[in-house]
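Following: one structure in structure tokens, then a few remarks.
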Amino acid sequence: MNEDFTEGLDVFETLEKEIDTSECSRAELSILRKLMEIFFVGQLVGLPTMKSILTRYEITNSNNQLNFKNICKKLSNSWMRNIFEMIFEKQALEILKKMLKKHRSIWSKVEITAVVDDSIFRQWLQNAEGLASFEKCYGKFFSGQFKASVYGQKVVTFGLSIDNIFYPLYFVLAKNNSTKDKIKEETAPEEAIKLVKKWGGFIRKNRLIMLLINKIHFSCDNGYSHMGLEKACSENGLIYISVPKSNQYFITNNKKCKLSDYITQCFLPAEQVHLQNELDLPSEKKTPFFLRLRAEYQAFNNKQVVLLLFRLNGSKRVSAIYCTSLDIYAKTLRRRWFQRTYIEQFFRLLKHTLLIGQPTTRTKNEFEFKIFRFFFLALHAQKLVAFFRKKHPEYKQVGFQVLQRQLACNQDFFDLLQRIIA
């Protein structure tokens, strides 16, 4: 695992020839690399801030704290975004190259799905200066987690789900269109289009690799069921999968019908027939019912799509997803769409385990830098868990928090952390 994480850190040094060193010297790039190493080792024992690391281990040397503050002040948003996006791209490219070296029969079983989603990062601002720097991205957003409106930033994130690990690539802060009395229409789909176009630039730079992989499926929820986003996906090598709203209309068999009505009139009767036919079968031989059909999606100017209706694990609610690829199998469509659960786990890891909310930020620049470094740490936290689960069967169901508790009690690890910070 140390070798894998070191390779991730070494990307900072390999970028020296590709970046503008007028803003950040090689020495400062090495400092940034060391800071990322300190933050990661601190996270392994549940310490999310530089101050908590230094306090916990009674380290009085303030050089690392000063270096961190100076880096935050000096580097611009654009430079920091550029370097971290290059790091994320290189890490994703390396894993894709490793997969392509394997036999096709093995590689084809690995799930590769592009995913976009957003999450609200809550934050209160104490002064007008901070509010001014956040401009239009700070405000009141509805949070699905809290089922209420909260103050903070909505971060729209695009990345790849590969072999049960989410690799972040790009993010953007969604603009806040809300007023004091009302939350206006979301701008998240428009922001997602920008990220998909960045992906298009990435695959054009690495055309040979992406030609071997062919088109990648793209999964999003109903908040991103958007005709402009579907078009951007089509133009940038992605097969679009999303969720329609129940009040939207489809045309099938030359008949126009609202989705909710189609479920009531067609899906439920067909499901009852299926259940009746399997009534006498033993439970292990019974099969879940689903309905796959081609239809014209009125919200997308009557574009032909494949619509899939099913129940998730015996749920009382009927789920619906659709795809613009007309030859996709029902099993593939369902499996690819559910790959988006890994970005949800990624956000939970950031908030509840890595405690991204604890480090305070006063400006947009500091906030974006925090997002980038926590994305980097969360990626390697996922890799660490995957490493333990693969190498040690007793860790098959163990998560990152259990590893944190075990390492926090390990004297050898304590000595390692002190050597790194020294």
Side-chain angles (χ1 to χ4, degrees), residues 108-117 161 213-227 229-234 237-344:
S108 62
K109 296 177 183 178
V110 179
E111 304 286 355
I112 307 178
T113 307
V115 185
V116 72
D117 204 355
S161 172
I213 293 176
N214 298 319
K215 279 196 171 184
I216 291 177
H217 292 83
F218 173 89
S219 174
C220 60
D221 62 16
N222 61 4
Y224 294 89
S225 182
H226 187 274
M227 190 163 60
L229 182 56
E230 184 278 326
K231 181 181 178 183
C233 287
S234 176
L238 297 171
I239 301 172
Y240 184 78
I241 300 173
S242 189
V243 182
K245 294 180 174 63
S246 60
N247 63 349
Q248 293 178 326
Y249 285 85
F250 289 84
I251 300 174
T252 178
N253 296 326
N254 296 321
K255 183 180 178 181
K256 180 179 174 182
C257 187
K258 189 191 296 185
L259 178 59
S260 58
D261 293 337
Y262 187 86
I263 291 174
T264 303
Q265 298 168 11
C266 299
F267 179 86
L268 296 181
E271 183 185 44
Q272 287 303 314
V273 172
H274 174 82
L275 294 175
Q276 191 65 34
N277 291 337
E278 294 191 347
L279 188 62
D280 297 328
L281 292 178
S283 57
E284 64 271 13
K285 290 189 177 182
K286 290 183 178 180
T287 58
F289 178 73
F290 66 88
L291 195 60
R292 177 192 181 277
L293 64 148
R294 289 190 183 185
E296 296 176 25
Y297 190 14
Q298 189 178 45
F300 278 23
N301 290 336
N302 293 337
K303 185 180 183 70
Q304 277 212 335
V305 299
V306 167
L307 182 65
L308 181 66
L309 305 174
F310 61 94
R311 292 187 191 271
L312 177 60
N313 298 329
S315 170
K316 294 182 180 180
R317 180 184 176 187
V318 178
S319 298
I321 55 179
Y322 68 93
C323 180
T324 53
S325 174
L326 300 182
D327 57 354
I328 191 170
Y329 293 110
K331 184 178 180 180
T332 303
L333 173 53
R334 177 171 166 161
R335 188 173 66 239
R336 294 298 187 187
W337 184 76
F338 277 108
Q339 288 294 303
R340 64 176 300 277
T341 59
Y342 290 105
I343 193 174
E344 295 173 349

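Between V318 and L268, the closest side-chain pair of non-hydrogen atoms falls below 4.5 Å. Looking at C257 and T252, their side chains never come closer than 4.5 Å, going by heavy atoms from C-beta outward. E344 is listed as a side-chain neighbour of T341, based on a closest heavy-atom distance under 4.5 Å.
Taking the six-membered ring where the residue is Trp, the centroids of F250 and Y262 are separated by 6.0 Å or more.
What you find for A320 and L259 is that their closest heavy atoms are CB-CD2, 4.0 Å. Residues Y224 and L229 come closest through the heavy atom pair O-CD2, 3.4 Å. Smallest separation of non-hydrogen atoms from S225 and V243: CB-O, 3.5 Å. Minimum interatomic distance between I112 and I216 (heavy atoms only, all atoms of both residues): O-CG2, 3.7 Å. Closest approach of K245 to N222, counting heavy atoms only: NZ-O, 3.4 Å. Nearest heavy atom pair, residue Q248 against residue A299, reads NE2-CB, 3.9 Å.
For the atom pair CG (L291) and CG (L293), the distance works out to 5.5 Å, reported to the nearest 0.5 Å. Put simply, OH on Y329 and CZ on R336 are 14.0 Å apart, with the number rounded to the nearest 0.5 Å. Summarising the geometry, atom CG belonging to L333 is positioned 9.5 Å from atom OG belonging to S219; distances are rounded to the nearest 0.5 Å. Here the OG atom belonging to S234 is positioned 5.0 Å from the NZ atom belonging to K215, to the nearest 0.5 angstrom. Here OG of S246 is found 7.5 Å from CD1 of I263. Values are rounded to the nearest 0.5 Å.
A donor-acceptor contact shorter than 3.5 Å is absent between the side chain of E271 and the backbone of F289. Side-chain N or O atoms of D221 include one that pairs as donor or acceptor with a backbone N or O of G223 at under 3.5 Å. Looking at H217, its side chain never comes within 3.5 Å of a backbone N or O of R335 through a donor-acceptor pair.
Side-chain atoms of Y297 and T324 include no donor-acceptor pair closer than 3.5 Å. Side-chain polar atoms of S325 and D327 form a donor-acceptor pair below 3.5 angstrom.
Enclosure of atom NZ in K286 by more than 12 non-hydrogen atoms of other residues, nucleotides or ligands within 6.0 angstrom is indicated. Within a 6.0 Å sphere centred on NZ of K231, other residues, nucleotides and ligands contribute 12 heavy atoms or fewer. With a 6.0 Å radius and a threshold of 12 heavy atoms from other residues, nucleotides or ligands, N247 has its CG atom above the threshold.
Taking the six-membered ring where tryptophan is involved, the planes of Y240 and F300 are tilted, since the angle between them lies from 30° to 60°.
Residues meeting the salt bridge (Lys or Arg N to Asp or Glu O under 4.0 Å) test with R292, sequence neighbours left out: none.
A cation-pi arrangement is present between R340 and W337 under the rule of less than 6.0 angstrom and at most 45 degrees off the ring axis.
Here the options are T113, L312, I241, the test is side-chain contact (heavy atoms from CB on, under 4.5 Å), and the partner is F338; only L312 passes.
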